[in-house]
2 protein chains.
Amino acid sequence: MEEPVGIKQIAQMANVSIGTVDRVLHRREGVSRHTRERVEAVIRKTGYKKNTAASRLRLGAHKKIRIAVLIPEVTNNWGYWELPKCGVEKAVEDLHDLGVRVSYYYFSDPVSFTKKSEQILGKEFDGIVTAPFFAEESKALLENCSDRNTPVVLLDTRVALEGANFICQDAHRAGMVAGRLLYGLAGENGLYIVVNLVNAGGLHENNRQREQGFRAFFDTDLPGKNVEIHTVDYPLDRPFDISPEIGKWLKDKRAKGVFVTNSRAYVIPGILRKYHVDNVHIVGFDLNRENLECLRNRDIFFLINQKPEEQGYLAVRGLFRYLTEKDASGLQADIPVEIVVRENLFTV
Amino acid sequence: MEEPVGIKQIAQMANVSIGTVDRVLHRREGVSRHTRERVEAVIRKTGYKKNTAASRLRLGAHKKIRIAVLIPEVTNNWGYWELPKCGVEKAVEDLHDLGVRVSYYYFSDPVSFTKKSEQILGKEFDGIVTAPFFAEESKALLENCSDRNTPVVLLDTRVALEGANFICQDAHRAGMVAGRLLYGLAGENGLYIVVNLVNAGGLHENNRQREQGFRAFFDTDLPGKNVEIHTVDYPLDRPFDISPEIGKWLKDKRAKGVFVTNSRAYVIPGILRKYHVDNVHIVGFDLNRENLECLRNRDIFFLINQKPEEQGYLAVRGLFRYLTEKDASGLQADIPVEIVVRENLFTV
DNA sequence: CTGAAAGCGCTTACAG
DNA sequence: CTGAAAGCGCTTACAG
């Protein structure tokens with residue numbers, strides 16, 4: 001519990017002015033080798049830690065930090081991106097004093113993504129938060145930002161983009177968790193069905209990785225058992241219903257496990273009821289209203305939360321730290337695979 | 001994104017000095033009704049929010065906030081309280097600039113608890129963090145603190161203490177979650193065993209509440225099903241082994257669910273192996289080394305984490321907010337019932 | 001009851 | 001290459 005030593009004491013001990021101490025601390029130019037070394041020695045010896053309150057007061061008052069958030073438009077049947085936005089707003093509330101300002105931009109397809117990207121680039125933001133939904137367009141944005149030294153944080157999905165900063169859940173691992181959970185419910189003789197509900201944009205990278213993780217769980221945890229796993233890709237624009245093949249699986253007497261790789265698990269229970277199928281356990285993603293309703297009714301056993309608010313929150317905080325303290329560690333984060341059941345719902 | 005309005009602007013608009021604005025903001029005495037109302041109107045109109053960086057710079061430099069942490073001694077076979085301490089240390093790191101200082105005190109029984117409590121009271125700390133393990137002694141401490149207006153935060157266990165501040169997991173709910181999880185694994189025809197491993201201090205309040213929650217799950221979720229649940233209280237000082245009655249349950253062919261209400265779930269798998277019992281699913285608490293080992297070996301299916309580091313962290317932050325901003329909301333917290341399996345272990 | 005002023009520790013623009 | 005000084009927004013001790 002050594003008492004606070006400040007830049008003033010350092011200056012005194014090293015026989016320099018506080019301005020010089022500051023230059024050394026921030027590794028700025030214009031300090032003679034000799035002086036720098038002397039000051040550095042004192043800094044080390046005293047274990048100096050900067051007073052962030054003072055630093056931020058000064059900084060926040062002078063230079064604003066402007067962050068652009070480019071996310072999918074919230075539509076009637078797709079409210080998910082409200083949540084990262086809530087997290088962003090919370091972070092802005094925390095950091096408003098310290099000069100952080102955010103502007104929102106919305107996209108709905110590759111064209112609008114590119115258009116909004118260009119608007120953002122034109123305004124010279126200090127940092128950008130977005131989601132890498134369109135491979136080419138995202139890459140173009142990242143390259144542009146890399147040239148300008150503008151940090152970018154990508155939420156929700158990890159895609160193959162060299163050197164990019166991701167704040168998202170490891171979808172492969174989430175799939176393995178889903179495997180573990182369903183395996184507990186349906187056992188090694190169970191029949192497993194992976195349901196990819198595909199929307200207009202095609203199969204999402206996250207869904208692919210989740211399915212891979214799910215299958216990897218059974219391959220590594222029960223090697224040689226040859227657990228029966230089927231995949232159903234179903235387009236969301238048609239009313240979901242079942243093919244004869246699926247019908248056959250569902251009539252199977254064994255315990256069944258259904259893994260829905262996106263946030264629409266709630267469509268499944270209705271279909272099962274329609275065909276009087278039972279002994280089915282469902283695991284899905286995301287705490288949307290419909291899924292929660294199913295959890296409460298015990299129609300879904302487990303939901304996996306990817307903590308979208310936290311993603312937004314961490315992205316803004318990470319950018320802030322990077323921009324103010326050159327600390328890049330907060331630009332990436334592995335979001336926990338949070339398991340939700342009916343009983344811990346309101347606590348998670 | 002309205003631009004920052006500070007106490008200076010408020011003062012100008014209300015035709016008073018900044019000192020007066022400050023008095024109004026902090027509801028301090030010595031402002032005429034008329035002036036106060038005028039200033040309040042301006043504050044409301046402008047939506048003033050205090051700059052916390054400035055406030056804290058000023059405050060932190062002047063008055064230190066001294067917090068005493070009174071927790072169980074860490075022993076060879078009981079390292080749990082390292083974890084809340086880690087959380088406390090993290091909070092202190094975050095808040096050191098802002099004047100927060102912590103001293104640790106350790107107890108091992110009611111006598112040492114009281115002794116250390118008295119030491120703490122003698123030193124006039126600004127706030128106290130402890131654990132309410134001894135009913136009478138805790139009550140005495142709380143009453144003393146209440147007289148002095150010293151805030152106290154209690155970790156780990158919620159006990160019947162009027163008006164106390166708890167930061168802990170809802171043990172009853174955690175028990176319900178355990179019920180849900182084991183029920184998923186062993187089903188309604190399963191045989192369930194609640195294992196209370198009792199140490200020298202007797203059955204802990206948390207264990208009692210967890211068992212109640214576990215039983216409540218079956219009562220409310222499967223009313224009338226009369227699921228078979230047995231309780232085994234076993235003292236930890238003798239080598240754990242099984243009575244003839246327990247032996248009979250274990251030989252039962254049905255799927256079995258074992259709920260260990262404390263952090264010693266890891267003792268169970270060895271016993272099961274010794275008696276060649278299988279088809280048993282185990283749920284326990286806490287991510288200690290031994291339990292994690294069992295999780296990795298697939299001997300334990302689920303662990304429930306009560307996030308001890310977070311408890312310590314939140315306690316210090318909560319006290320800090322209360323002491324600096326009279327905001328008591330952080331003095332209580334309901335810690336999520338976090339579910340851990342082998343596959344999400346390193347992400348939670 | 002109210003105001004004027006000092007100062008928290010840091011950063012920066014300016015002067016030399 | 002280095003120093004002296006101003007000022008971020010708030011809180012408080014002091015003066016009136």
Side-chain angles (χ1 to χ4, degrees), chain A residues 3-40 42-43 46-65 95-100 323-326, chain B residues 3-40 42-43 46-65 95-100 323-326:
Chain A
E3 268 325 284
V5 34
I7 156 179
K8 221 148 93 186
Q9 285 88 314
I10 305 269
Q12 208 164 22
M13 292 170 75
N15 260 313
V16 291
S17 73
I18 59 170
T20 299
V21 175
D22 193 71
R23 284 178 196 104
V24 174
L25 283 169
H26 294 86
R27 291 177 187 72
R28 281 198 254 102
E29 297 292 277
V31 185
S32 75
R33 216 175 102 89
H34 180 70
T35 312
R36 186 181 39 250
E37 280 167 1
R38 193 153 33 95
V39 175
E40 274 168 351
V42 177
I43 290 171
T46 55
Y48 169 80
K49 299 213 70 182
K50 121 166 112 187
N51 182 317
T52 56
S55 168
R56 288 172 174 185
L57 169 59
R58 183 62 225 267
L59 252 32
H62 285 270
K63 58 168 180 233
K64 301 293 171 233
I65 291 171
L95 301 174
H96 191 269
D97 285 357
L98 312 174
V100 173
L323 293 165
T324 55
E325 318 192 16
K326 293 182 183 157
Chain B
E3 267 327 283
V5 34
I7 159 179
K8 220 149 95 185
Q9 284 88 315
I10 305 269
Q12 208 164 23
M13 292 170 75
N15 261 311
V16 293
S17 73
I18 58 170
T20 300
V21 175
D22 193 72
R23 283 178 197 106
V24 173
L25 283 169
H26 294 87
R27 293 177 187 71
R28 280 197 255 101
E29 299 292 277
V31 185
S32 74
R33 213 173 105 87
H34 180 70
T35 312
R36 187 182 37 248
E37 279 168 2
R38 194 151 36 93
V39 175
E40 275 169 349
V42 178
I43 289 171
T46 56
Y48 169 81
K49 300 213 69 182
K50 124 165 108 185
N51 182 317
T52 55
S55 168
R56 288 172 175 187
L57 170 58
R58 183 61 224 269
L59 251 33
H62 285 269
K63 58 169 179 233
K64 301 292 172 237
I65 291 170
L95 301 175
H96 192 268
D97 285 357
L98 311 175
V100 173
L323 292 165
T324 56
E325 319 192 14
K326 292 182 184 156

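Protein chains get the first letters and strands the later ones, always in sequence-line order, with residue 1 at the start of each.
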Q | Within 6.0 angstrom of A:Gln12 CD, more than 12 heavy atoms from elsewhere | A |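 Open.
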Q: Test for a donor-acceptor pair under 3.5 Å between the base of D:dG3 and the side chain of A:Arg23, counting only N and O atoms.
A: yes
Counting N and O atoms only, with roles assigned by atom type, does the side chain of [X] sit under 3.5 Å from a partner on the main chain of [Y], one being a donor and the other an acceptor?
X       : Y       : answer
A:Thr46 : A:Val42 : yes
B:Arg38 : B:Ala14 : yes
B:Thr35 : B:Val31 : no

In this structure, how many angstroms lie between the [atom2] atom of [N] and the [atom1] atom of [X], rounded?
X       : N      : atom1 : atom2 : result
B:Ile18 : D:dC8  : CD1   : C1'   : 13 Å
B:Asn51 : D:dG9  : CG    : C1'   : 5 Å
A:Tyr48 : C:dG9  : OH    : C1'   : 7 Å
A:Arg56 : C:dC8  : CZ    : P     : 21 Å
A:Asp22 : C:dA13 : CG    : P     : 11 Å
B:His26 : C:dC1  : NE2   : P     : 19 Å
B:Glu37 : C:dC1  : CD    : P     : 13 Å
A:Gln9  : C:dG9  : CD    : P     : 7 Å

Q.
Pair B:Tyr48, B:Leu25 - check side-chain contact (heavy atoms from CB on, under 4.5 Å), show working.
A. CA-CA 10 Å; B:Tyr48 169 81; B:Leu25 283 169; 3.6 Å; yes
(Q) So if I take every side-chain heavy atom of A:Lys8 and compare against C:dC8, D:dT12, D:dG9, which nucleotide ends up nearest? (A)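 Comparing C:dC8, D:dT12, D:dG9 against the side chain of A:Lys8, the answer is C:dC8.
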Q. Across all strands shown, which nucleotide pairs with D:dA13 by Watson-Crick or G-U wobble geometry, both distances under 3.5 Å?
A.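 Answer to the pairing question: none, since D:dA13 forms no Watson-Crick or G-U pair.
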Q) Who does D:dA4 pair with, Watson-Crick or G-U, both distances under 3.5 Å? A)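 Paired with no nucleotide.
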Ignoring backbone atoms, establish whether [X] has a side-chain N or O less than 4.0 Å from OP1 or OP2 of [N].
X       : N      : result
A:Thr35 : D:dT2  : yes
A:Ser32 : D:dC1  : no
A:Arg28 : C:dT12 : yes

Q. Between B:Ser17 and A:Lys50, which has a closest nucleotide on DNA chain C that is more 5'?
A.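 The 5'-side residue here is B:Ser17.
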Q. Checking all strands, does B:Leu25 fall into the base, sugar-phosphate, or nothing category for heavy-atom contacts under 4.0 angstrom?
A. nothing
